[in-house]
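Position 1 is the first residue of the sequence, and the numbers go up from there. Heavy-atom basis, side chains included; hydrogens, waters and symmetry copies ignored.
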Amino acid sequence: SNYHELYWMDMRFTDGSTHPFGEASNKTKFKYSVNLDGRQYVANVKIEGVVSSTPESTGGITETHKDWVMFSELLQPDVIPITNFISIPDVQGGEITGLARMMGDLVVFQEKGIYRLAVPSADPTTWSLVESEPNMGCSAPDSIIEYQNTIFFAGPEHIYMLDSNFQAIPITR
């Protein structure tokens, strides 16, 4: 007569110490990526999050940021927390179409702009814009090719060569 049944669901409980990112999601999906100085930089991202930490919650919210570049933890290319981002809003409304490396800097291609960012490996949040070409962009993401200190890409009118001086020279005239 004193027998009781108890059901316990061990779901979404943390054991021991809390993860460094807390309850924040680090489920990041992306279209473009490049490795630079021990970090992975990803662009045109989609972040999947959790609505609630209660066991009843099964749904989640998804945020899409087509103008964000996110970066991983140092020497951990698979750990991309949602707090590590660089927003590059294009004044003409284009989304990011690719990433490349040039002489230790990160080159971000958008539909209507190209940006060269100096991103220190020790603290990428202190990034700075080195050069930009706001009137020209990359229309074909699969066309971006790095060769020595030059990047080739396809724009709406031509195939371009982006040299080490950040000059976009059309090579299909």
Side-chain angles (χ1 to χ4, degrees), residues 18-53 59-146 149-156 160 162-168:
T18 307
H19 191 273
F21 308 121
E23 295 292 323
S25 170
N26 61 354
K27 294 180 184 177
T28 305
K29 298 185 185 305
F30 50 87
K31 286 188 179 180
Y32 313 106
S33 74
V34 68
N35 288 314
L36 179 65
D37 294 333
R39 293 186 189 267
Q40 178 174 331
Y41 292 86
V42 299
N44 204 326
V45 298
K46 186 182 288 188
I47 303 167
E48 296 178 359
V50 178
V51 172
S52 172
S53 60
I61 54 173
T62 301
E63 295 178 10
T64 302
H65 298 282
K66 296 183 177 192
D67 59 352
W68 274 19
V69 174
M70 297 182 74
F71 51 92
S72 72
E73 293 296 307
L74 188 61
L75 301 176
Q76 297 178 26
D78 58 337
V79 180
I80 306 171
I82 61 172
T83 56
N84 294 356
F85 71 92
I86 301 169
S87 178
I88 305 174
D90 183 9
V91 294
Q92 298 175 2
E95 67 182 62
I96 294 175
T97 57
L99 297 173
R101 295 176 299 256
M102 177 181 278
M103 299 173 58
D105 290 338
L106 181 67
V107 179
V108 180
F109 292 92
Q110 289 187 323
E111 292 175 330
K112 299 174 184 165
I114 306 168
Y115 305 95
R116 183 174 174 183
L117 306 177
V119 186
S121 179
D123 186 11
T125 59
T126 60
W127 65 275
S128 62
L129 177 66
V130 177
E131 297 176 286
S132 67
E133 178 59 56
N135 300 319
M136 179 184 317
C138 178
S139 58
D142 293 334
S143 70
I144 300 170
I145 297 172
E146 298 174 27
N149 290 330
T150 306
I151 301 173
F152 296 91
F153 68 96
Y160 294 93
L162 191 64
D163 65 10
S164 59
N165 293 326
F166 210 71
Q167 303 264 333

Quick note, ring pair (Phe, Tyr, Trp, His ring centres under 6.0 Å) partners involving residues 95-119, not counting sequence neighbours, are Phe109-Phe153
| task | Please tell me if the side chains of Leu99 and Val108 come closer than 4.5 Å, counting only heavy atoms from C-beta onward. | result | yes
Residues Pro156 and Ser139: closest non-hydrogen pair is N-OG, 3.6 Å
Scanning both residues in full, the closest heavy-atom pair of Pro89 with Asp67 reads CA-OD2, 3.6 Å
Rounding to 0.5 Å, atoms CG (Leu36) and CG (Leu117) come to a distance of 10.5 Å
Those residues at least two apart in sequence (or on a different chain) that pass ring-ring contact (aromatic ring centres under 6.0 Å, His included) with Phe85 are Trp68
Partner of Asn44 under side chain to side chain donor-acceptor pair (under 3.5 Å), picked from Glu95, Lys66, Gln110, is Glu95
Side chain proximity check, Lys46 to Thr64, heavy atoms < 4.5 angstrom | yes
- Given side chain to side chain contact (heavy atoms under 4.5 Å, CB included), test Val69 with Trp127 step by step and report yes or no. CA-CA 11 Å; Val69 174; Trp127 65 275; over 6 Å; no
Output for pair (Asp163 CG, Phe152 CZ), nearest 0.5 Å, gives 10.0 Å
For Gly98 and Ile144 the tightest heavy-atom approach is CA-CD1, 3.7 Å
(Q) Applying side chain to side chain contact (heavy atoms under 4.5 Å, CB included) to Met136 and Tyr160, what does each step give before you reach the verdict? (A) CA-CA 10 Å; Met136 179 184 317; Tyr160 294 93; 3.7 Å; yes
Between Thr97 and Cys138, the two heavy atoms sitting closest are OG1-O, 3.1 Å
Ser33 and Gln40 have their tightest heavy-atom pair at CB-NE2, 3.7 Å
Residues pairing under salt bridge (Lys or Arg N to Asp or Glu O under 4.0 Å) where one sits in residues 115-142, two or more places apart or in two chains, turn out to be Asp105-Arg116, Arg116-Glu131
All heavy atoms of Ala154 vs all of Ser143, minimum pair found to be N-OG, 2.9 Å
Practice item. State whether the side chain of Ser164 and the backbone N or O of Asn149 hold a donor-acceptor pair below 3.5 Å, judged by distance alone. Key: no
- Task: May I ask you to decide if Gln167's main-chain N or O and Asn165's side chain share a donor-acceptor pair within less than 3.5 Å?
- Result: no
For Glu146, the salt bridge (Lys or Arg N to Asp or Glu O under 4.0 Å) test, sequence neighbours excluded, returns Arg101
The salt bridge (Lys or Arg N to Asp or Glu O under 4.0 Å) partners of Arg39 (sequence neighbours excluded) come to none
Residues passing the side chain to side chain contact (heavy atoms under 4.5 Å, CB included) test with Asp37, sequence neighbours excluded, are Ser121
For Lys29, the salt bridge (Lys or Arg N to Asp or Glu O under 4.0 Å) test, sequence neighbours excluded, returns Glu48
Side chains of Ser72 and Ile80: closer than 4.5 Å at any heavy-atom pair? yes
query: Any side-chain heavy-atom pair from Phe166 and Ile114 closer than 4.5 angstrom?
result: yes
CE (Met102) and OG1 (Thr150) are apart, to the nearest 0.5 Å, by 6.5 Å
With sequence neighbours left out, the residues meeting side chain to side chain donor-acceptor pair (under 3.5 Å) with Glu63 are His65
d(Asn84 CG, Glu73 CD) to nearest 0.5 Å is 5.0 Å
